[in-house]
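Throughout, numbering of the chain's residues begins at 1 and tracks the sequence.
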Amino acid sequence: MKTLPAPEDFLPLLSQGRWFAGLPGDVRQRLMAQAAVRLLPAGHRLFSRGDPNDGLYAVVDGAVRIGGISADGKEAVLSMIEPPLWFGEIALFDAGPRTHDADTRAPTTVLHVPLHALQDQLAAHPGDWHHLGALAVEKMRAVLSGLEELTLLPAPQRMARRLWEMSLGHGMLTEQGARSALAVNQEQLGAMLALSRQTVNEVLRHLEAQGIVARRYGRIEILDREALRAAGDVPDSTRARPWPQNRRHDHP
């Protein structure tokens, strides 16, 4: 029987994420003390829209698609969660249900902090709400930025900028953790950007011809980060936005 790794084995990887790296040491310790490692097969439904909240997750291997599927089978992809990003915090704030589906795209390993453990932690340390709030707000910034891009940017610039943002985990990764291989296919990229498969193919072919990206099976590889940034006309503020200070708040 395969022995599961310990949550602590993933600390170096998790520290490549800006949110986790910015947490005070005691908050990190509380999260990791309650975390359990789960090995998931490809195509596994972690939770569905409308499910009750079951806690907080971090992807440490593989990828999780966040989105939904309409009655006629049309897929909406909001994001692809890759290591070492955390997700599932939104339902904590209103005790509501899950807002979208979460499915694995490949064999995936996650850390899971169960809801009851989080509730106990937050009751004992109310200041930890501040840190979870910082995680949720940073994702909201990415959502608002993405909506603006859908409205204002032409398809080539929109796609180049989205690939750049994905390589930085939409601002959630440290510079050391920036990715060059993105676990997304052309269909999923089109769903994220509201573009047809034909348009996605044309733009990617143009980027490939310039030596900026390469299409691989089930992923897109970034070959020239600076050229991709230029193609997306990425603002300097997006390149190096400081993470909000995670000050300690141990008292209500």
Side-chain angles (χ1 to χ4, degrees), residues 17 19 38 40-94 96-112 135-151 153 155 158-173 179 181-201 203-204 215-220:
W19 177 72
R38 293 179 58 183
L40 308 174
H44 178 81
R45 174 64 59 88
L46 198 56
F47 54 77
S48 300
R49 183 194 306 266
D51 281 354
N53 177 20
D54 64 344
L56 190 66
Y57 291 91
V59 178
V60 292
D61 187 44
V64 173
R65 178 197 69 95
I66 303 297
I69 299 177
S70 68
D72 60 0
K74 185 176 181 180
E75 183 181 35
V77 180
L78 295 185
S79 63
M80 300 295 294
I81 309 291
E82 297 185 77
L85 302 186
W86 293 78
F87 66 100
E89 76 285 348
I90 292 176
L92 287 170
F93 289 90
D94 64 357
R98 294 299 190 185
T99 58
H100 293 88
D101 303 334
D103 303 276
T104 60
R105 298 288 89 181
T108 296
T109 303
V110 299
L111 299 186
H112 178 214
L135 178 62
V137 167
E138 190 69 7
K139 292 181 181 178
M140 180 58 69
R141 290 180 186 273
V143 168
L144 293 175
S145 177
L147 290 174
E148 181 180 8
E149 291 166 6
L150 284 176
T151 302
L153 299 183
R158 192 193 317 171
M159 187 180 302
R161 187 175 295 190
R162 180 59 62 93
L163 292 173
W164 168 270
E165 291 167 349
M166 290 177 67
S167 77
L168 290 173
H170 298 281
M172 300 295 291
L173 295 176
R179 294 188 292 260
L182 307 177
V184 63
N185 59 36
Q186 294 183 53
E187 184 177 357
Q188 293 161 349
L189 191 58
M192 289 182 192
L193 298 170
L195 297 173
S196 68
R197 185 179 179 87
Q198 180 181 1
T199 299
V200 171
N201 185 58
V203 174
L204 286 176
R215 285 174 286 186
R216 312 297 188 195
Y217 181 74
R219 72 184 195 278
I220 296 172

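- A heavy-atom distance below 4.5 Å is found between the side chains of Arg65 and Asp101.
- Taking CE from Met80 and CD from Gln188, the interatomic distance works out to 4.5 Å, rounded to the nearest 0.5 Å.
- Pairing each heavy atom of Pro97 with each of Ala91, the nearest pair is O-CB, 4.1 Å.
- Here Thr99 contributes atom OG1 and Ile90 contributes atom CD1; the two are 5.0 Å apart, rounded to the nearest 0.5 Å.
- Among all heavy-atom pairs drawn from Pro83 and Gly62, the shortest one is CD-O, 3.3 Å.
- Shown here for Gly96 and Asn53, the closest heavy-atom pair between the two residues is O-CB, 4.0 Å.
- Pairs of residues two or more places apart, or lying in two chains, that qualify as salt bridge (Lys or Arg N to Asp or Glu O under 4.0 Å) and include a residue from residues 52-63 are Asp54-Arg98.
- Looking at every heavy atom in both residues, Val200 comes nearest to Gly190 through CG2-CA, 3.6 Å.
- Between Thr109 and Val60 the shortest side-chain heavy-atom distance falls below 4.5 Å.
- The stretch residues 181-200 participates, sequence neighbours left out, in no salt bridge (Lys or Arg N to Asp or Glu O under 4.0 Å) pair at all.
- Between His44 and Arg38, the closest side-chain pair of non-hydrogen atoms falls below 4.5 Å.
- Here the side chains of Arg45 and Asp103 are in contact, with some heavy-atom distance below 4.5 Å.
- Residues Leu46 and Thr104 form no side-chain contact, since every pair of their non-hydrogen atoms from C-beta on lies 4.5 Å or further apart.
- In this structure, Ile81 and Thr108 have side chains that are not in contact, with every pair of non-hydrogen atoms separated by 4.5 Å or more.
- For the atom pair NE2 (His100) and OG (Ser79), the distance works out to 9.0 Å, reported to the nearest 0.5 Å.
- For the residue pair Leu173 and Pro84, the shortest heavy atom distance occurs at CD2-CD, 3.1 Å.
- Considering Phe87, Tyr57, Phe47 in turn, Tyr57 is the only one that fulfils the ring-ring contact (aromatic ring centres under 6.0 Å, His included) rule with His112.
- Between Met159 and Thr199, every side-chain heavy-atom pair lies at or beyond the 4.5 Å cut-off.
- Interatomic distance, CD1 of Ile220 versus CG of Leu204, reported as 4.5 Å (0.5 Å rounding).
- For Glu82 against Leu182, the heavy-atom pair with the smallest separation is OE2-CA, 3.9 Å.
- With Arg105 contributing its side chain and Val184 its backbone, the two residues share no donor-acceptor pair below 3.5 Å.
- Judged by distance alone, the side chain of Arg158 and the main-chain N or O of Leu193 form a donor-acceptor pair under 3.5 Å.
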